[in-house]
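Heads up: the structure comes next, in structure tokens.
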Amino acid sequence: MNKELESSIDFLKELNPAQQDAVKEIEGPVMIIAGAGSGKTRVLTYRIAYMLQHKIDAFHILSLTFTNKAAKEMRHRIEKVVGSEARNLWMGTFHSVFAKILRIEAEKLGYPKAFTIYDTDDAKKLLKTIIEEMALDSAVYKPNVIYNRISQAKNALIFPYEYYKDKEREASDQTSGMSKMGEIYTTYCQRCFKAGAMDFDDLLLKMYELLQKHPKTLEHYQHKFQYIMVDEYQDTNFSQYMILKMLAAVHHNICVVGDDAQSIYAFRGATIRNILNFNQEYPEMKTFKLEQNYRSTQTIVKAAGELIKKNKEQIEKNVWTENTEGDKIKIYKTLTDNEEGKLVADLIFDDKMQHQMYNKEFAILYRTNSQSRALEEALRKMNIAYRIYGGMSFYQRKEIKDLIAYLRLVLNPNDEISLDRVINYPVRGIGKTTMEKIRVMASEQNKSLWEIIDSNDLLKIGASGNKVREFVMLIKSFKAELSRKSAYDVAYRVAKESGILKDLYEDKTVEGMSRFENVEELLNGIKEFSQSKDESGEPITLDLYLQDIALLTDADKDVEGDDKVTLMTIHAAKGLEFPHVYLVGMEENLFPSQMALSSRNDLEEERRLFYVAITRAERKVTLSFADTRFRFGQLISNEPSRFLEELPAEYIHFMTPVKTNLPPRKFNLDQERHNFKPTSLKAQLGGHPKPLLPDINFKPLHKAQPTEATSFEADNTDTLEAGNHVEHQRFGKGLVAAMEGKGSERKAIIEFDQYGRKVLILRFAKLKIVE
DNA sequence: CTATCGCACTGTAGT
DNA sequence: AGTGCGATAG
């Protein structure tokens, strides 16, 4: 036993009795119900340290988490306690660990070792081409919907051939007019297989298939993973449950940690049943409850507790704390999202001044990523540094995906999505007609696109055949380099000789330059990566790199030590804590979200989400809602969230509507026009017609659903002129503003607050189309 | 086959 | 808002 381990025995004494019991019970099935802020990660960490102390080989321990961030945090903390031993642990997300295993075992399933991992965009693109090839109506068969349905099926371990064994499923497809769903699913799986590609769900499904079909392999991994730990167990789905069941079947040493109150992924197949079923699966299991909260004030713990009591389905527990009472939860009302941003920035500024706080002690949480924009603007104006997690990832950018597609293709030429992406980028004269011919041949001969263009069939293509041949040679020449050169050298050559670097370099627009820089950044990333070694000391090859980034998001490359305010969705905040938490957008239809209510009728999950948000805070929770909220120019809410009423009155404090200290100003259209500076360089150079007023997003009325907000009373809408004052059904008085666009005149109605400042804009275009 | 432009669509979360 | 797609001209 090394020194680090010895010191961790002392550390046990710092745990409370419940935590200690959970740590020491290392044999047999264990379920730990861990309330919010109850020191769960600590328990998991010491549990592993305790195992190592008791001569359990790190090689036999598997520790699974849900997100990369949690995995990283866990690895970090374990390294601190147990030192270098930690390297031998199998630790990671379900997806990354299974991807690693599938790489080793790929051939047993008929996949290439360097199989491609399709992200959601890739998968939807493939679905789109399949739907087109089947000549189905893309208005009925929406790739998005199809993708989700297939995902559901896969998570429930339903294979294509048994898709319609479930009559209920068949009926539901019938009623939604998608009777070809089963066929699409079948084709999709075949195409993925032929392309040597797996989507995210396949990483689970194929893992299951592997263990199911290959008893020897199952035995091997059962022996390897004699001790299994699962974090955030409440968020596992059926396929994960089944895989765990198989892996743990021999030794029964499975420890799951979770909190049913924090289950927020039911929408994508996670099921609370996994927790509830646990003792049926393992009757000899022991349960431990961690109920003492070390994170938050009395007020926060109690308010959150009262709130979550309203949910019917849950495991009985009583979360309590010895912490101080703390401030009440404050609730602010603002007029629009921009005002809300300003308010939050102001409040953070005040907090910082009054309490000498750092930026990093604040988090602003929201329900949807799109809410970040207004907050960003406000924080920027106040010069408060912030960092946004989630949203569009670096790896989803077009230029990044392009280069990665080349790299994927080099490793796995059958990958049709990547081939499709780059065969004519940069432009090399291989157009639609040529691709169509190749597609037809591939489908007739049941071959991949690459197999066609890498064969004599190329001769049948005609004039552009030579261009295709050149492309094939190019990819092959890259492939030849693989064994001789480092990942970085190959990647750099690809970027250069494919013409990507040149193409981007020649684009001197602001966007073009930033794209070039992004590619440079990716190459630098590959360089760093290829110089590092993996756990077994082997240099990182290109396929390992691709595997790695396929499962990575922006949020994972975090910069420690930066003093920045955190902006993220509530989902992303799970497992984190901050002294002050601002939760914005507390409106009906947004939170709880319209979708959760209409499609799944799942108010309880939204409530758990609210619970998660509040319990991130150590000392202070501030909630805010806007009087009206728009999305894509349409009103989506004008009503505070029902959750605000669910908080017991004794713990909350309604603040008066915001008073800003800006001097009142009268709105003046000419002045506004004069003040308006287009933000993008392109707009300044006159690239696009821009609205003469900032913040106006026009929406053609003839397509837009007339909402309460847009159906204002005016028979003479078509004669409205800029500067006209109009009466409006719900919002009262407004002023018409105009925008000069090409071809059509566009208008908007602007409203003012009591100071005469612009607060609300209703957007219209082509008003005369109203009938 | 390519470039350009206007139009339509999007819409919860993360691997 | 941003982006992808399709129509159209070159």
Side-chain angles (χ1 to χ4, degrees), chain A residues 65-71 92-99 117-121 123 125 128 138-139 142 144 148 151 155 198-204 232 235 237 240 264-270 366-371 373-374 389-393 395-398 424 426-435 463-464 467 511 549-556 568-574 589-600 602 605-606 609 612 630-634 636 679-680 687-689 691 695-700 702-704 741-744 763 765-766:
Chain A
T65 56
F66 204 63
T67 61
N68 290 312
K69 210 190 287 160
T93 63
F94 279 91
H95 290 85
S96 71
V97 167
F98 294 170
I117 298 176
Y118 278 169
D119 67 18
T120 318
D121 290 339
K125 234 177 225 171
K128 215 180 142 201
S138 63
K142 294 180 186 162
N144 239 327
N148 287 330
S151 178
N155 285 332
M198 297 194 196
D199 64 19
F200 288 139
D201 299 312
D202 280 335
L203 295 177
L204 308 180
E232 308 283 10
D235 288 330
N237 61 33
Q240 288 161 329
I264 54 177
Y265 284 102
F267 71 90
R268 61 172 222 218
Y366 35 79
R367 180 67 177 82
T368 68
N369 277 312
S370 60
Q371 287 168 260
R373 211 209 78 247
Y389 291 79
M392 212 218 330
S393 140
Y395 302 103
Q396 285 173 282
R397 296 191 146 100
K398 183 188 174 301
N424 198 30
V427 173
R428 45 173 77 87
I430 305 169
K432 242 191 257 169
T433 326
T434 310
M435 283 312 287
S464 21
K467 291 169 182 163
E511 293 91 343
I549 60 168
L551 299 171
L552 224 57
T553 56
D554 259 13
D556 302 319
M568 55 168 55
T569 62
I570 305 169
H571 282 90
K574 197 179 62 165
N589 289 342
L590 181 61
F591 191 25
S593 97
Q594 163 80 51
M595 262 191 186
L597 298 185
S598 61
S599 66
R600 303 193 327 278
D602 204 346
E605 176 151 313
E606 294 289 300
L609 206 46
V612 169
F630 289 84
R631 182 159 58 204
F632 302 132
Q634 297 212 45
I636 57 165
T679 45
S680 82
H688 278 303
D695 278 344
I696 298 182
N697 174 23
F698 292 95
K699 183 95 189 169
H702 60 287
K703 271 281 180 181
K742 266 188 192 163
S744 63
R763 298 105 186 203
K766 298 177 189 168

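Below, read A as the first sequence line, B as the second, and so on, with proteins coming before strands; counting in each chain starts at 1.
Across all strands shown, A:Ser370 has no heavy atoms under 4.0 Å from either base or sugar-phosphate atoms. Residue contacts shown for A:Ser96 are absent, as no nucleic acid heavy atom lies under 4.0 Å away. A:Asp201 comes within 4.0 angstrom of no nucleic acid atom, judged by non-hydrogen atoms across all strands. A:Phe94 comes within 4.0 angstrom of no nucleic acid atom, judged by non-hydrogen atoms across all strands.
To the nearest 0.5 angstrom, A:Ser593 atom OG is 9.0 Å from A:Leu609 atom CG.
In this view, A:Thr368 and A:Ser370, A:Gln371, A:Leu590 satisfy the side chain to side chain contact (heavy atoms under 4.5 Å, CB included) rule, not counting sequence neighbours. Looking at residues two or more places apart in sequence or on another chain, you find a side chain to side chain donor-acceptor pair (under 3.5 Å) between A:Asp119 and A:Lys401. Under the salt bridge (Lys or Arg N to Asp or Glu O under 4.0 Å) criterion, A:Glu606 pairs with A:Arg367, sequence neighbours left out. Scanning for side chain to side chain contact (heavy atoms under 4.5 Å, CB included) contacts around A:Thr569 gives A:Tyr366, A:Asn369, A:His571, A:Ala572, with sequence neighbours left out.
Closest approach to the A:His571 side chain among B:dA13, B:dT15, B:dC1 is made by B:dA13 (side chain taken as heavy atoms from C-beta onward). Distance from the side chain of A:Thr368 is smallest for B:dT12 among the nucleotides B:dT12, B:dG14, B:dT15. When each of B:dA3, B:dT15, B:dA13 is scored by its nearest atom to the side-chain atoms of A:Val427, the top-ranked nucleotide is B:dA3.
Under 4.0 angstrom from either OP1 or OP2 of B:dA13 there lies at least one side-chain N or O belonging to A:Asn369. The phosphate of B:dT2 has OP1 or OP2 within less than 4.0 Å of a side-chain N or O from A:Asn424. Contact check, A:Asn68 against B:dG14: no side-chain N or O comes under 4.0 Å of OP1 or OP2. Using a 4.0 Å cut-off, no side-chain N or O of A:Thr120 falls inside it from OP1 or OP2 of B:dT15.
One atom, CG of A:Asp121, and another, P of C:dT3, lie 12 Å apart when rounded to the nearest Å. Following rounding to the nearest Å, A:Arg373 (CZ) and C:dA1 (P) show an atom-to-atom distance of 8 Å. In this entry the distance linking CD of A:Gln396 with P of B:dA13 reads 11 Å, nearest Å. For the pair A:Asp602 CG and B:dA13 P, the interatomic distance rounds to 16 Å; values are reported in whole Å. If you take CZ of A:Arg367 and P of B:dG14, they are 10 Å apart, rounded to a whole angstrom. Regarding A:Tyr265, its OH atom lies at a distance of 7 Å from the P atom of B:dT15, rounded to whole Å. One can place CG of A:Leu597 at 13 Å from P of B:dT12, the figure rounded to the nearest angstrom. Atoms CD (A:Gln240) and P (B:dG14) sit 16 Å apart, rounded to a whole Å.
Along DNA chain B, the nucleotide closest to A:Thr569 and the one closest to A:Lys467 are compared, and the more 5′ of them pairs with A:Lys467. Sequence order on DNA chain B of the closest nucleotides to A:Ala550 and A:Lys142 puts A:Lys142 first from the 5' end.
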Q) Can A:Phe98 and A:Leu204 be said to form a side-chain contact (heavy atoms from CB on, under 4.5 Å), step by step? A) CA-CA 7 Å; A:Phe98 294 170; A:Leu204 308 180; 3.6 Å; yes
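Stretches of at least 3 consecutive Watson-Crick or G-U wobble pairs, with each checked distance under 3.5 Å, appear in DNA chain C as B:1-10 with C:1-10.
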List, with names and distances, any nitrogen or oxygen atoms from the protein found under 3.5 Å away from nitrogen or oxygen atoms belonging to nucleotides 4-6 of chain C.
| unit_1 | atom_1 | unit_2 | atom_2 | d |
| --- | --- | --- | --- | --- |
| C:dC5 | OP1 | A:Lys128 | NZ | 2.7 |

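Checked against a 6.0 Å centroid threshold, the rings of A:Phe66 and A:Tyr265 count as neighbours.
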